Number of protein chains: 2
Amino acid sequence: MGQGVEWGAHCCLLIAWLGEEGEAIPTAKLAEAFDLPPAYLNKCLQALSRAGILASTAGVKGGFRLGRPLEKITLLDVVVAIEGSEDAFRCSEIRQNGMGADRSAGEFLRPCGIATAMRRAELTWRRELAAQTLADMMLNVPRDVAMRAKRWYAAVGN
Amino acid sequence: MGQGVEWGAHCCLLIAWLGEEGEAIPTAKLAEAFDLPPAYLNKCLQALSRAGILASTAGVKGGFRLGRPLEKITLLDVVVAIEGSEDAFRCSEIRQNGMGADRSAGEFLRPCGIATAMRRAELTWRRELAAQTLADMMLNVPRDVAMRAKRWYAAVGN
DNA sequence: GCTTTCTTACTCGGATACCTACTGTCCGAGTGGAATAGG
DNA sequence: CCTATTCCACTCGGACAGTAGGTATCCGAGTAAGAAAGC
């Protein structure tokens with residue numbers, strides 16, 4: 001899995017802290033906050049924007065703000081927005097090649113047990129991620145960390 | 001996830017069908033059975049062999065046989081053997097960079113909520129895969145498919 | 001006929017290229033604010 | 001003083017390279033079967 005997921009999730013939290021008044025946070029400031037490559041981080045935030053998780057504003061005083069409240073953003077949303085919605089395990093039906101090529105197609109109507117088990121495992125993974133919202137992530141963070149982030153943002157300039 | 005997992009799992013099942021007498025199945029036959037690139041398939045089977053899932057024999061009439069009974073091979077074993085045991089999501093602790101670089105290290109002793117949630121989701125995924133053995137995969141396959149595989153193997157010549 | 005040796009074909013195993021996709025960078029289009037000139 | 005206009009710095013957005021890891025291939029080391037020769 002790519003780094004963009006971690007970057008995106010942390011940036012959403014930071015945007016929530018810094019943008020409580022509805023102000024937009026530019027990519028440059030987020031990149032500086034976490035010491036990340038600004039242009040590539042922007043690419044990840046674009047993906048979150050396309051998914052509706054973030055909303056982008058151009059021009060001076062522009063940047064990114066939350067597209068919907070933190071309680072309605074699950075970790076699965078972030079993962080899907082950046083990594084795509086396709087399953088990690090993709091069954092290419094090799095049982096239908098070679099030895100089984102001349103078999104009647106009706107025999108392969110239902111997917112093989114391996115693909116089924118893999119898919120079931122991934123569904124539990126997705127369900128677990130969908131049960132965790134970014135608001136839950138906030139709860140596990142000490143109160144003063146958010147305060148210090150706001151102070152840092154005020155000190156670093158507009 | 002790479003294709004090797006699917007290849008490895010299907011090959012283990014085929015090896016179990018064709019090698020009931022303890023005979024070893026060479027890579028070439030397995031590759032022919034599923035129409036896969038023989039050399040690369042061999043590389044995947046090597047990984048399974050290193051993990052103890054398969055046992056390799058060199059020379060004439062050599063090949064691969066099961067390293068332990070199917071009941072003791074879980075899907076997680078196959079995945080770990082081929083893909084490695086590292087988690088898909090790796091936390092690089094970006095919260096400690098930039099803005100939080102000059103923070104006292106004691107504050108970051110416990111992992112952040114995002115990494116924790118991701119790890120929990122992956123653990124459920126692993127648990128689900130560890131609960132499914134290759135023997136369970138066999139049960140969901142029609143009896144005559146295995147028989148036809150044995151007939152094919154006998155017909156294609158040793 | 002049995003045993004030993006030798007040959008030989010066959011198999012795995014790791015070292016070597018290729019190619020997709022994640023990572024990283026750059027520059028242009030567009031926007032909103034602020035300064036400015038006019039009323 | 002208020003308003004409309006112009007300008008401009010700033011931001012996002014997509015198009016363009018670099019690189020690591022999965023994919024694919026080839027050739028050599030080793031082995032066990034089978035043939036052949038000797039007893």
Side-chain angles (χ1 to χ4, degrees), chain A residues 1-8 11 15 18-19 22-32 34-65 67 79 81-84 86 88-90 92 94 156-158, chain B residues 1-8 11 15 18-19 22-32 34-65 67 79 81-84 86 88-90 92 94 156-158:
Chain A
M1 181 176 309
Q3 304 269 105
V5 173
E6 181 187 10
W7 299 1
C11 282
I15 288 172
L18 302 181
E23 21 176 346
I25 316 296
T27 304
K29 290 291 180 298
L30 295 170
E32 188 185 350
F34 293 117
D35 195 26
L36 299 175
Y40 185 42
L41 175 62
N42 187 22
K43 196 173 176 57
C44 298
L45 298 180
Q46 285 176 36
L48 293 176
S49 181
R50 271 191 293 267
I53 296 174
L54 296 180
S56 63
T57 310
V60 183
K61 293 261 182 185
F64 291 92
R65 71 197 76 206
V79 171
I82 292 184
E83 294 286 316
E86 51 200 314
F89 178 87
R90 61 219 136 105
S92 37
I94 62 174
V156 80
N158 58 345
Chain B
M1 181 176 307
Q3 303 269 104
V5 174
E6 182 188 9
W7 299 2
C11 282
I15 289 172
L18 301 182
E23 22 175 347
I25 317 293
T27 305
K29 289 291 179 297
L30 295 170
E32 187 184 352
F34 293 118
D35 196 26
L36 299 175
Y40 185 42
L41 175 63
N42 187 22
K43 195 174 176 56
C44 297
L45 297 180
Q46 283 177 36
L48 293 176
S49 182
R50 271 190 292 266
I53 296 174
L54 294 181
S56 63
T57 310
V60 183
K61 291 263 184 182
F64 291 93
R65 69 197 77 205
V79 171
I82 292 184
E83 295 285 316
E86 52 201 308
F89 178 87
R90 59 220 138 105
S92 36
I94 62 173
V156 81
N158 50 346

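In this text, all values refer to a predicted model and were calculated from it rather than measured experimentally. Order of the sequence lines sets the chain letters (A, B, ...), proteins ahead of strands, with each chain counted from 1.
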Between the opening five pairs and the closing five pairs of the helix from C:dG1-D:dC39 to C:dG39-D:dC1, how far apart are the helix axes, to 10°?
10°

What is the separation between atom CD on B:Q3 and atom P on D:dA24, rounded to the nearest whole Å?
7 Å

Distance col, row B:L45:CG vs B:I25:CD1, nearest 0.5 angstrom, shows 11.5 Å

Filtered N/O pairs between nucleotides 13-21 of chain C and protein, under 3.5 Å:
{"residue": "C:dG13", "atom": "OP1", "partner": "B:S56", "partner atom": "OG", "Å": "2.7"}
{"residue": "C:dG13", "atom": "N7", "partner": "B:N42", "partner atom": "ND2", "Å": "3.0"}
{"residue": "C:dG13", "atom": "N7", "partner": "B:Q46", "partner atom": "NE2", "Å": "3.4"}
{"residue": "C:dG14", "atom": "OP2", "partner": "B:Q46", "partner atom": "OE1", "Å": "3.0"}
{"residue": "C:dG14", "atom": "OP2", "partner": "B:R50", "partner atom": "NH1", "Å": "3.0"}

To the nearest 0.5 angstrom, please state how far the CD atom of B:E6 sits from the CD1 atom of B:I82.
10.5 Å

Which is more 5' along DNA chain C, the nucleotide nearest A:P38 or the one nearest A:A58? Just name the residue.
A:P38

What integer distance in Å separates B:W7:CH2 from D:dA24:C1'?
8 Å

Phosphate-side-chain proximity, B:Y40 and D:dT25, N/O vs OP1/OP2 below 4.0 Å
no

Between P of C:dT11 and CZ of B:R65, the distance in whole Å
13 Å

Does the side chain of B:M1 come within less than 4.5 Å of B:E83's, by heavy atoms?
yes

Could you tell me the separation between the CD atom of A:E32 and the C1' atom of D:dT11, rounded to a whole number of Å?
16 Å

Quick one: which of A:T27, A:L41, A:L54 gives a side chain to side chain contact (heavy atoms under 4.5 Å, CB included) with A:C11?
A:L41

Nearest-0.5 Å distance that lies between atom CD in A:Q3 and atom CZ in B:F89
8.5 Å

Are A:L30 and A:N42 packed together at the side-chain level, in the sense that at least one heavy-atom pair is separated by less than 4.5 angstrom?
no

Can you tell me the distance, in whole Å, between the CD atom of A:E6 and the P atom of C:dC22?
17 Å

Decide yes or no for B:R65 and B:T57: does some side-chain heavy atom of the first lie under 4.5 Å from some side-chain heavy atom of the second?
yes

Taking atom P of C:dC22 as reference, at what distance in whole Å does atom CD of A:E83 sit?
7 Å

For A:Y40, enumerate each residue passing the ring pair (Phe, Tyr, Trp, His ring centres under 6.0 Å) test, keeping only those at least two apart in sequence or located in another chain.
A:W7

Short side-chain N/O contact from B:T27 to OP1 or OP2 of C:dC12, under 4.0 Å:
yes

Roughly how many Å is it from CD1 in A:I15 to C1' in D:dC12, rounded to a whole number?
13 Å

So, taking the atom named OG in B:S49 and the one named CD1 in B:I53, what distance separates them when rounded to the nearest 0.5 Å?
9.5 Å

Write down the distance between CE (A:M1) and P (C:dT23), rounded to a whole number of angstrom.
11 Å

Measure from the side-chain heavy atoms of B:P26 and tell me the nearest of D:dA9, D:dA24, C:dT11.
C:dT11

